[in-house]
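Below is one structure; the comments refer to it alone.
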Amino acid sequence: MLKDYPDVLTVKQVSEILNIGINAAYGLIHERTIGSHRIGKSIRVPKSCLMDYINSARFGVSTIAADKSNCHERSKS
């Protein structure tokens with residue numbers, strides 16, 4: 001499904017993959033529903049974090065199991 005995408009995604013790519021608007025993608029990232037990292041002014045989403053979100057039993061809910069903490073921590077720049 002995601003083989004044509006790089007291992008680290010932009011917010012625009014996340015919105016394309018999920019077929020949602022870019023504001024909705026930013027919302028999921030801001031709520032930490034999808035793990036991300038801030039690099040300077042850019043936000044990047046590891047593909048593994050997006051896959052965790054897609055595969056989650058709670059897909060569509062704004063909280064995901066705490067055992068996925070490595071994808072829900074934002075690095076500070």
Using residues 8-23 as the side-chain source, report each donor-acceptor pair under 3.5 Å to any protein atom, sequence neighbours left out, with the distance given to one decimal.
unit_1	atom_1	unit_2	atom_2	d
Thr10	OG1	Gln13	N	3.1
Thr10	OG1	Gln13	OE1	3.4
Gln13	OE1	Thr10	N	2.8
Ser15	OG	Lys12	O	2.7

Legend entry - Nearest atoms (heavy-atom pairs only) where Ile29 meets Ser36: CG2-OG, 3.3 Å

Inset, instruction - To the nearest 0.5 angstrom, please state how far the CG atom of Leu50 sits from the CG atom of Asn55. - result: 9.5 Å

Legend entry - Inter-residue atom distance Cys49.SG - Ile34.CD1, 0.5 Å rounding: 9.0 Å

Legend entry - Point-to-point distance, once rounded to the nearest 0.5 Å, from OH of Tyr53 to OG1 of Thr33: 6.5 Å

Legend entry - Side chain to side chain, Lys47 and Pro6, heavy atoms closer than 4.5 Å: no

Inset, instruction - Determine whether Ile43 and His37 make a side-chain contact, defined as any pair of heavy atoms from C-beta on separated by less than 4.5 Å. - result: no

Legend entry - Minimum heavy-atom distance between Lys41 and Arg38, given as atom pair plus value: O-NH1, 3.5 Å

